[in-house]
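Notes to accompany the following structure.
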Amino acid sequence: MREDIERILLNEEQIHTIVAGLGRRISTDYQGKNLLMVSVLKGSVVFMADLMRAIDIPCRIDFMAVSSYGSGVKTSGVVKIVKDLDINLEGYDLLIVEDILDSGVTLSYLKKMLMDRGPASVRICTFLDKPERRKADIIPDYVGASVPDEFVVGYGLDYDEKYRNLPYLGVLKEAVYSK
Ligand code: IMP
Ligand code: MG
């Protein structure tokens, strides 16, 4: 897989430092609250697994799946709920855990939908932010790192369902998706 990677943006050590920092902030901010971390499958699974272990206050987790990208590299703008949450959200302080905030179309739709279900609060924690590409009016509350407008893979992020298992974050070679 390494041969498909143009360059490494964040290595394992850098990722660990970023996630530990986010975990500390969230642990402080959610002290005494009713934290429910909601992970958006599948890209954020690796981040979620690390982030929850960097948090030292009680929390619950749940998962949902939406599709916006299909197998390509450009957003379709269509958000479909593939798997919904199991937990009733009333009274919970929701933290949506995402892999990457790109156009923001997916997350702004999701946030509105979840807010309508009556939780105590809704915030967004994204591992990566691509601010240059923002289309929807959405500001993440916690950001691990900002990345340039390039297609990145690894640490859960995929291209055509591949590369999710890379332990680092890298820029995918253009030749891989232009063939
Ligand atoms: P948005 O609605 O455009 O913000 O779409 C966000 C989703 O697109 C993410 O959850 C990813 O699944 C996918 N995505 C956006 N940019 C990248 C990237 O650089 N690499 C891998 N997936 C990406
Ligand atoms: Mg995703």
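Ligands are counted one by one from 1 in listed order, and the atoms in each one are counted from 1 as well. The analysis underlying the following values was restricted to heavy atoms, covering all of them including side chains, and did not include hydrogens, waters or symmetry mates.
- Within 6.0 Å of the NZ atom in Lys112, the count of heavy atoms belonging to other residues, nucleotides or ligands does not exceed 12.
- Contact annotation for Lys130 and ligand 1: only side-chain heavy atoms (C-beta onward) come within less than 4.0 Å of the ligand.
- With a heavy-atom cut-off of 4.0 Å, Leu157 touches ligand 1 through its side chain alone.
- Among Ser103, Ser108, Ala136, the residue whose heavy atom lies closest to atom 3 (O) of ligand 1 is Ser103.
- Judged purely by atom type and a 3.5 angstrom limit, Asn88 uses its side chain to pair as donor or acceptor with the backbone of Glu90.
- The closest approach between a heavy atom of Asp158 and any atom of ligand 1 is below 4.0 Å.
- The closest approach between a heavy atom of Leu107 and any atom of ligand 1 is not below 4.0 Å.
- Here Asp99 has side-chain heavy atoms under 4.0 Å from ligand 1, and that is the only part of it that gets that close.
- Looking at Asp141, its side chain does come within 3.5 Å of a backbone N or O of Ile124 through a donor-acceptor pair.
- Proximity to Gly104 (heavy-atom distance under 4.0 Å) selects the following atoms of ligand 1: 1 (P), 2 (O), 3 (O), 4 (O).
- Judged by distance alone, the side chain of Asp62 and the main-chain N or O of Asp86 form a donor-acceptor pair under 3.5 Å.
- Residue contact check: Glu150 has heavy atoms under 4.0 Å from atoms 19 (O) of ligand 1.
- Nearest approach of Leu85 to Phe63, heavy atoms of both residues: CD2-O, 3.5 Å.
- Within the 4.0 Å heavy-atom shell around ligand 1 one does not find Arg133.
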Q: May I have the step-by-step check of ring-ring contact (aromatic ring centres under 6.0 Å, His included) for Phe127 and Tyr155, ending in yes or no?
A: CA-CA 10 Å; Phe127 178 58; Tyr155 197 64; 4.8 Å; yes

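- Residues Asp4 and Tyr159 have side chains that never bring a donor and an acceptor to within less than 3.5 angstrom of each other.
- Near Glu98, the atoms of ligand 1 lying under 4.0 angstrom from a non-hydrogen atom of the residue are 10 (O).
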